[in-house]
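As structure tokens, the structure follows; a few thoughts come after it.
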2 protein chains.
Amino acid sequence: MKQNGSDNKLISGRLETAGVIPTAQRIAIYRYLLCEANHPTAEEIKTWADKNFPKLSLATVYNTLNVLIEANLLKEVKVPHEAKILYDSNISYHHHFLDEDSGELVDIPSELVEVTSTLAKEFQVHDIQVLMRGKRQKTRTQH
Amino acid sequence: MKQNGSDNKLISGRLETAGVIPTAQRIAIYRYLLCEANHPTAEEIKTWADKNFPKLSLATVYNTLNVLIEANLLKEVKVPHEAKILYDSNISYHHHFLDEDSGELVDIPSELVEVTSTLAKEFQVHDIQVLMRGKRQKTRTQH
DNA sequence: TTTTAATAATAGAATAATTCTAAAATTAGA
DNA sequence: TCTAATTTTAGAATTATTCTATTATTAAAA
């Protein structure tokens, strides 16, 4: 799903709907987040931009990420023993699996994880996030 | 449960069992983590040390935390939108509730949260951590 | 005990991710 | 076009954490 310009309108519309002025930089970064990247760091976004959107500054990467978060189009994910923030453009309710070998973070649909809690009613839970850590078995080749 | 010296032996023994040489600084920090603090940051530990263990340096705080983590006596917790690492001296399997008002992180016993996942068998899960976010209702005063 | 070797603690410098600042560029509306 | 508001930018500042080199402490050996 490489950038082809055809979904510019769609991306732009989503930004506007969320109250974000759709500048060229924001559209580019948001499309990268939605269509090409998988939980990238700010650094990865900058590296991508250096190839695909010259002159886009690191400050703009951070500004845009924070604008998207503020507009509820993006979420931060912090992972233990990983210094950099990961960004998640999937804003629907879901969970994560962290591959201990590759460091890759994989989205897990909420349907695959059932969480039942019996906390004291004092605790009003608004959000639950489940982070599973482990290894991903290499899928065996068919003969 | 203020420090009284009586559990020095116990703390010291736990460190030794874990293969950590029990120096005065390590015992002090580990006791603070176990008995007084609740998911402190390195900064909070340093502030406590400035009052209770003069001359203990910030470098030693970080060194000790990393030694404890390496020895499996301590775990890191990273929370979204919180820059600093929180440290958790409860190493048994449990979950967390983050109070959105106070920022306080509360341990939730694993018995109170049931997690049932049906991931593809490709995913070998070694650890699950559940972070619940929400507000804590003020408990109503009895008349 | 002394001696020696290994380990830990320390102050301060270095690193690195993110945020801030102030100026220039762009945009949107009048 | 003019004006005001917003965004982008480069580079400086901030801040949590780690590193470095030295000194202090500990543990074991003689």
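Below, chains carry the letters A, B, ... as their sequence lines are ordered, and counting in each starts from 1.
In this structure, B/Lys46 atom NZ and D/dT15 atom P are separated by 17 Å, rounded to whole Å. Rounded to whole angstrom, the span from the NZ atom of B/Lys55 across to the C1' atom of D/dA24 amounts to 13 Å. The nearest whole Å value for the distance from the CZ atom in B/Arg26 to the P atom in D/dA24 is 19 Å. Atom CG in A/Leu65 sits about 14 Å away from atom C1' in D/dT8, given to the nearest Å.
Screening residues 54-71 of chain A for side chain to side chain donor-acceptor pair (under 3.5 Å) gives A/Ser57-A/Thr60 as the qualifying pairs, with residues at least two apart or on separate chains. Residue pairs that meet the ring-ring contact (aromatic ring centres under 6.0 Å, His included) test with at least one member in residues 15-39 of chain A, sequence neighbours left out, are A/Tyr32-A/Trp48, A/His39-A/His96.
With sequence neighbours excluded, no residue satisfies salt bridge (charged side-chain N to carboxylate O under 4.0 Å, His left out) with B/Glu114.
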Side chain to side chain contact (heavy atoms under 4.5 Å, CB included) for A/Met132 and A/His95? Distances and angles first, verdict last. CA-CA 8 Å; A/Met132 302 171 136; A/His95 303 298; over 6 Å; no
Using a cut-off of under 3.5 Å, enumerate the N/O to N/O pairs linking the protein to nucleotides 16-19 of chain D.
unit_1, atom_1, unit_2, atom_2, d
D/dT17, OP1, B/Ile85, N, 3.0
D/dT17, OP2, B/Tyr62, OH, 2.5
D/dT17, O5', B/Tyr62, OH, 3.3
D/dT18, OP2, B/Asn66, ND2, 3.3

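Once rounded to the nearest 0.5 Å, the distance linking CG of A/Leu65 with OG1 of A/Thr41 reads 9.5 Å. The CD1 atom of B/Ile21 sits 11.0 Å away from atom OG of B/Ser12, with the distance rounded to the nearest 0.5 Å.
In this model, the phosphate group of D/dT9 is approached by a side-chain N or O of A/Gln25 to a distance below 4.0 Å at OP1 or OP2. Note on A/Thr23: a side-chain N or O is less than 4.0 Å away from OP1 or OP2 of D/dT8.
A side-chain N or O of B/Gln124 and one of A/Gln137 form a donor-acceptor pair less than 3.5 Å apart.
Nearest-nucleotide mapping onto DNA chain D: of A/Leu56 and B/Pro22, the residue sitting toward the 5' end is A/Leu56. Comparing B/Ala24 and A/Phe53, the nucleotide of DNA chain D nearest to each residue sits closer to the 5' end for A/Phe53.
Counting Ile, Leu, Val, Met, Phe, Trp and Tyr side chains that sit under 4.5 Å apart, directly or through other members, A/Val79 shares a hydrophobic cluster with A/Val77, A/Leu86, A/Leu98, A/Leu105, A/Leu131.
Residue contacts shown for A/Thr60 include a base, since a base heavy atom lies under 4.0 Å away.
In the 5' to 3' direction, nucleotides of DNA chain C lying under 4.0 Å from heavy atoms of chain A begin and end at C/dA17 to C/dC20.
Heavy-atom minimum distance, B/Tyr87 versus B/Ala42: CE1-N, 4.0 Å.
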